[in-house]
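Chain naming here is simple, since letters A, B, ... match the order of the sequence lines and numbering starts at 1 in each.
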2 protein chains.
Amino acid sequence: MNKALSPKLKKFLDFIQRFTLVNGQSPSYEEIMSTLGFGSLGTVNWYVKTLEEKGHLSRIKGPNGKRALILNQNETQTATIARLPLLGLIAAGEPIEALENPEMVDVPPSLLHPDHYVLQVKGNSMIEEQIHDGDFIVAKKTSIARSGQIVVAIINGEATLKCYVPNSHGIELHPRNPKFPIITVDPTDDFRINGVLLYSFRNYLN
Amino acid sequence: MNKALSPKLKKFLDFIQRFTLVNGQSPSYEEIMSTLGFGSLGTVNWYVKTLEEKGHLSRIKGPNGKRALILNQNETQTATIARLPLLGLIAAGEPIEALENPEMVDVPPSLLHPDHYVLQVKGNSMIEEQIHDGDFIVAKKTSIARSGQIVVAIINGEATLKCYVPNSHGIELHPRNPKFPIITVDPTDDFRINGVLLYSFRNYLN
DNA sequence: ATACTTACGAGTAACTTACGAGTAAAATAA
DNA sequence: TTATTTTACTCGTAAGTTACTCGTAAGTAT
């Protein structure tokens with residue numbers, strides 16, 4: 001296990017770790033290439049060989065093993081990590097604000113999935129859903145929902161978080177707190193479902 | 001025991017498990033073929049042989065046994081597990097209600113620690129802390145706290161969740177929502193800190 | 001007979017690896 | 001200061017390997 005890794009090497013290693021964690025299998029050279037923005041498989045191969053020589057990477061299936069890259073956990077490493085990307089900030093009535101460099105946030109391992117993502121709530125515009133400023137929500141990316149699920153929806157460009165209730169007249173969005181009004185989606189509205197809510201959490205650490 | 005199964009192998013294994021569970025017997029090769037969309041028994045056979053070699057599948061009736069596939073329940077675990085015990089139910093103004101058989105709940109791996117535990121919130125007595133009915137809280141067991149931390153405290157046998165602020169006059173407990181009153185702990189009160197709040201979450205699945 | 005399992009040969013797409021060459025920046029020698 | 005070498009990457013492609021697929025025929029237990 002050699003000296004310090006260059007930022008590029010480290011980024012490469014990080015990507016493999018995250019991809020494997022989220023997708024359940026390690027990425028192919030081609031997937032690495034396109035995600036990391038390389039123009040050639042040769043480049044990917046150079047990284048793999050370099051990291052293998054330095055002892056940070058191994059092939060689990062011997063030579064020519066497909067999707068067989070794993071990182072060597074140097075014992076100093078923290079416990080298993082389970083993280084999802086923090087894609088943006090959400091506030092009711094405003095567009096979702098995407099983050100350029102999504103950081104990764106810890107979540108329960110059972111929530112790991114390629115289609116899951118995290119948003120942080122900005123402001124108290126969602127107290128009717130009992131979600132507060134600074135809270136995080138985990139959602140599953142999908143454009144369809146079942147009745148009763150809480151959806152991350154965009155109506156005319158404005159984000160909202162409500163319980164999805166389709167009926168014969170159209171679509172209704174119910175707040176969790178019955179004191180607030182039910183929204184009825186007009187057929188002329190631009191209505192899109194962004195995902196369904198799975199989990200929300202708040203961190204009290206500093 | 002080769003761990004890295006490809007998604008297809010995994011799906012195959014999953015199907016056998018589910019089928020056996022539902023039907024009480026394992027599927028025939030032909031049933032596997034049609035359900036999983038293969039065009040040939042050879043393909044099914046290839047999967048069985050491969051999974052057997054990797055140690056994930058066994059034939060319970062020896063060679064040529066009919067409907068004799070079973071999974072080796074070695075490390076049936078899906079992903080990494082990260083769980084803490086759900087010790088009890090908490091409601092402001094009442095004693096903490098301990099659970100006899102604490103079940104385990106999923107948490108982010110970064111929260112794993114022997115001194116950490118989970119409580120579920122009962123009722124809406126903690127909305128002043130922006131914690132709602134059914135929410136879960138993760139706390140660290142300790143009897144001391146630093147100023148500014150949110151503590152799980154017991155005053156005269158009644159549970160409360162507040163921000164701990166000691167000063168020259170004694171101990172004050174501030175709610176997160178400033179509209180609610182500050183509690184000043186009387187020296188004659190039986191005041192104990194049960195733990196400090198680390199994390200709270202809510203699950204929207206089911 | 002019937003209901004299955006097993007063996008074998010062959011094909012294809014997905015994937016890894018080897019090789020040869022190039023560049024810009026930093027380190028070293030002149 | 002300039003010339004040179006080394007370092008840390010980058011590119012394109014051909015060739016090799018594996019993962020998975022197919023079809024069919026022969027085997028085996030009730």
- Query: What integer distance in Å separates B:K10:NZ from D:dA19:P?
  - Reply: 15 Å
- Criterion ring-ring contact (aromatic ring centres under 6.0 Å, His included) on A:Y204 and B:Y199, from CA distance to verdict: CA-CA 6 Å; A:Y204 294 89; B:Y199 186 86; 8.4 Å; no
- Task: Looking only at side-chain atoms of B:K49, point me to the closest of C:dA7, D:dC22, C:dT17.
- Result: C:dA7
- Item | Short side-chain N/O contact from A:K66 to OP1 or OP2 of C:dA13, under 4.0 Å | no
- Message: Atom CD of residue position B:Q25 - does it have more than 12 heavy atoms of other residues, nucleotides or ligands inside 6.0 Å?
- Response: yes
- Item | D:dA8 OP1/OP2 closer than 4.0 Å to side-chain N/O of A:S6 | no
- Counting side-chain heavy atoms from CB outward, which of C:dT17, D:dG16, D:dC9 is closest to A:Y29? C:dT17
- Pick base, sugar-phosphate or nothing for A:T50, based on heavy-atom distances below 4.0 Å to the nucleic acid. nothing
- Euclidean distance, atom CD of residue A:E30 to atom P of D:dT13 [Å, nearest integer]: 13 Å
- Query: Picking from D:dG12, C:dT17, D:dC22, which would you name as closest to the side chain of A:S40?
  - Reply: D:dG12
- Between C:dT16 and A:R67, is there an OP1 or OP2 to side-chain N/O distance shorter than 4.0 Å? no
- Item | Whole angstrom value for the distance that separates C1' of C:dT6 from CD1 of B:I32 | 14 Å
- With sugar-phosphate meaning primed atoms plus P, OP1 and OP2, does A:G39 contact a base, only sugar-phosphate, or nothing at under 4.0 Å between heavy atoms? sugar-phosphate
- Item | Ion pair check, B:E52 and B:R59, cut-off under 4.0 Å | yes
- Comparing A:L41 and A:Y47 on DNA chain D - which has the more 5′ nearest nucleotide: A:Y47
- Query: From the list D:dC9, C:dA18, D:dC20, which nucleotide is the closest neighbour of the side chain of B:W46?
  - Reply: D:dC20
- Which pair of heavy atoms, one from A:L111 and one from A:H116, lies closest together, and at what distance? O-ND1, 2.6 Å
- Comparing B:S28 with B:G42, nearest DNA chain C nucleotide closer to 5' gives the residue B:S28
